[in-house]
Amino acid sequence: MATRLGLALPQNKQYDLGRDVPDVARTAEQIGYESLWVYERLLVPEPATQGLYGIEGLPWPDGYRGVAEPLVTLTLAAAATERVRLGTSVLVAPLHVPFQLAKALATLDAASGGRVAAGLGTGWSLDEYAAASVRPFEERGQVLDELIGVCRAVWGPDPVSYEGSVTTINPAVVGPKPARPIPILLAAGAGKAQRRLVDHADGWMPIGMGAEALAAQWKALQELAAERGRTEPIQTVLRTNAQYLAKGYDGADRRPFQGSVDQIVEDLAAHAEVGLDEIFIDLQFGTRDAQELKDVAAEVYEKARAAGI
């Protein structure tokens with residue numbers, strides 16, 4: 001069975017939100033992509049008070065200067081498409097009021113006919129937490145736990161009720177309901193985050209940093225699931241952050257998904273061998289405009305399918 005393939009929507013500052021998002025979404029669906037994805041970045045600190053991913057000295061990409069809000073972006077894509085799945089990779093859970101996010105996701109799922117996948121994480125930017133978080137950075141894990149609980153309650157039967165540290169829902173009718181249970185996917189790397197995934201989530205959203213490392217992570221997660229008695233399959237969606245280079249990349253230190261279309265497809269093939277359900281590719285950091293993004297996305301899809309991915 002071929003790996004499902006998805007595409008990230010254009011959210012970065014070089015794209016026109018109202019024009020390019022529906023255009024790319026429609027084109028991706030026509031090409032054959034099975035899902036569309038968005039990510040969350042609230043701001044870029046100026047001057048930088050923290051390196052990218054919290055790594056000292058690592059610069060923030062210029063494309064982060066004006067990232068479109070993810071659920072607004074997905075709504076534009078939903079209105080322009082009919083069948084593709086609509087996913088977040090990821091929403092930074094503690095930057096959202098749990099009840100409001102649960103209701104927004106339910107509304108989008110109902111409106112799109114049951115196409116939403118909720119990818120959640122805890123983030124790393126202290127500046128984003130200072131600007132928008134519902135609880136301090138140190139409590140991010142507890143907030144994610146509560147958000148999952150609130151979503152399950154809000155998406156379930158009425159009357160809805162919930163009691164947590166951030167959220168209190170006295171018995172109430174809450175609608176609209178999702179068209180079907182929305183899968184919750186977590187970007188869990190290790191330790192407590194992976195235990196949370198195994199015990200409370202539907203799936204896993206790793207990042208493509210090398211097929212060998214991915215295979216080891218997947219094996220460890222499956223072993224943990226067996227240890228904790230999970231019998232339900234873990235859904236898997238791999239995010240791949242691509243840097244497209246028309247002339248390719250001939251350096252010995254080439255990172256995965258960096259280079260020409262052929263090099264990107266070669267990396268897709270290696271990662272697909274791990275056996276995950278779905279892979280989506282984010283091309284927006286290496287393409288100049290929506291037309292180039294669509295052209296590269298079409299070539300990647302065609303060559304990936306020709307390669308048996």
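- The side-chain heavy atoms of Arg196 and Asp145, taken from C-beta on, include a pair separated by under 4.5 Å.
- Judged by distance alone, the side chain of Ser125 and the main-chain N or O of Glu128 form a donor-acceptor pair under 3.5 Å.
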Practice item. Could you walk me through whether Val150 and Gln100 pass side chain to side chain contact (heavy atoms under 4.5 Å, CB included), step by step? Key: CA-CA 10 Å; Val150 170; Gln100 291 176 317; over 6 Å; no
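- Between Tyr39 atom OH and Ser89 atom OG the span is 11.5 Å, to the nearest 0.5 Å.
- Judged by distance alone, the side chain of Thr236 and the main-chain N or O of Asp277 form a donor-acceptor pair under 3.5 Å.
- In this structure, Ile264 is not a member of the same hydrophobic cluster as Ile207, with clusters built from ILVMFWY side-chain heavy atoms closer than 4.5 Å.
- At a threshold of 4.0 Å, the pair Asp20-Lys294 does not count as salt-bridged, since none of the basic side-chain nitrogens sits closer than that to a carboxylate oxygen.
- There is a path of hydrophobic side-chain contacts, each under 4.5 Å, that joins Leu238 to Val38.
- Look at Asp199 and Arg230 and you find no salt bridge, because none of the NZ, NE, NH1 or NH2 atoms lies under 4.0 Å from a carboxylate O.
- Centroid-to-centroid, the aromatic rings of Phe257 and Phe285 stay 6.0 Å apart or farther.
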Quick one: do Gln243 and Arg255 satisfy side-chain hydrogen bond (donor to acceptor under 3.5 Å, both in side chains)? Show the steps, please. CA-CA 9 Å; Gln243 183 181 1; Arg255 300 191 306 273; 3.3 Å; yes
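- In summary, the side chains of Asp127 and Thr49 do present a donor paired with an acceptor at a separation below 3.5 Å, with no hydrogens or angles considered.
- For Arg26 (side chain) and Val21 (main-chain N/O), no donor-acceptor pair under 3.5 Å exists by modelled atom type.
- Between the side chain of Glu146 and the backbone N or O of Thr167 there is at least one donor-acceptor pair closer than 3.5 Å.
- Atom CZ of residue Arg65 and atom CG of residue Leu43 lie 11.0 Å apart, to the nearest 0.5 angstrom.
- Annotation: the span from Glu223 atom CD to Arg228 atom CZ amounts to 14.5 Å, rounded to 0.5 Å.
- Here the side chains of Tyr162 and Val154 are not in contact, with every heavy-atom distance at 4.5 Å or above.
- Atoms CD and CD, from Gln263 and Glu266 in turn, are 7.0 Å apart once rounded to the nearest 0.5 Å.
- Salt bridge annotation for Glu34-Arg305: present, with a cationic side-chain nitrogen under 4.0 angstrom from a carboxylate oxygen.
- Sparse packing is recorded around CD of Glu273, with 12 or fewer heavy atoms of other residues, nucleotides or ligands lying under 6.0 Å away.
- Taken to the nearest 0.5 Å, the CG atom of Leu293 stands 10.0 Å off from the CG atom of Asp23.
- Atom OG1 in Thr73 sits 11.5 Å away from atom CG in Leu86 (nearest 0.5 Å).
- Taking 4.0 Å as the cut-off between side-chain N and carboxylate O, Asp202 and Arg152 count as a salt-bridged pair.
- Side chains of His271 and Glu212: no donor on one and acceptor on the other come within 3.5 Å.
- Within the 3.5 Å criterion, the main-chain N or O of Phe137 finds a donor-acceptor partner in the side chain of Arg140.
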Exercise. Walk me through it: do Ser35 and Glu278 pass the test side-chain hydrogen bond (donor to acceptor under 3.5 Å, both in side chains)?
Key: CA-CA 9 Å; Ser35 56; Glu278 185 168 354; 2.3 Å; yes
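- Hydrophobic clustering, with ILVMFWY side chains joined whenever heavy atoms are under 4.5 angstrom apart, keeps Leu91 apart from Val97.
- Of the possible donor and acceptor atoms, none in the side chain of Glu299 sits under 3.5 Å from a partner among the backbone N and O of Val296.
- No continuous path of hydrophobic side-chain contacts links Leu105 to Met205 [ILVMFWY only; heavy atoms under 4.5 Å].
- When side chains are defined from C-beta on, Phe99 counts as touching Val174, because their heavy atoms get closer than 4.5 Å.
- Side-chain atoms of Asn12 do not come within 3.5 Å of backbone N or O of Gln14 as any donor-acceptor pair.
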### Query
Step by step, would you call Leu221 with Leu197 a side chain to side chain contact (heavy atoms under 4.5 Å, CB included)?
CA-CA 9 Å; Leu221 185 60; Leu197 188 161; 4.3 Å; yes
*Apply the test side chain to side chain contact (heavy atoms under 4.5 Å, CB included) to residues Trp37 and Thr88: give CA-CA distance (whole Å), side-chain angles for both, the deciding distance (0.1 Å), then the verdict.*
CA-CA 5 Å; Trp37 298 85; Thr88 62; 5.7 Å; no
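- Within the 4.5 Å cutoff, the side chain of Glu40 has heavy atoms near those of the Leu42 side chain.
- A salt bridge does not link Asp109 to Lys177: none of the charged side-chain nitrogens sits closer than 4.0 Å to a carboxylate oxygen.
- The shortest side-chain heavy-atom distance between Tyr15 and Thr287 falls under the 4.5 Å cut-off.
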**Asked** Taking it one step at a time, do Asn170 and Ser161 satisfy side-chain hydrogen bond (donor to acceptor under 3.5 Å, both in side chains)?
**Response** CA-CA 5 Å; Asn170 295 319; Ser161 61; over 6 Å; no
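- A donor-acceptor contact shorter than 3.5 Å links the side chain of Arg115 to the backbone of Ala78.
- Here the side chain of Arg135 pairs no donor or acceptor atom with the backbone of Pro94 at under 3.5 angstrom.
- There is a side-chain donor-acceptor pair under 3.5 Å between Gln284 and Asp282.
- The environment of CZ in Arg83 is crowded: more than 12 heavy-atom neighbours from other residues, nucleotides or ligands sit within 6.0 Å.
- Remark: the backbone N or O of Ile148 is not paired with any side-chain donor or acceptor of His200 at under 3.5 angstrom.
- Within the cation-pi definition used here (under 6.0 Å to the ring centroid, within 45° of the axis), Arg41 qualifies as a partner of Tyr64.
- In Glu292, the CD atom is crowded: over 12 heavy atoms of neighbouring residues, nucleotides or ligands sit closer than 6.0 Å.
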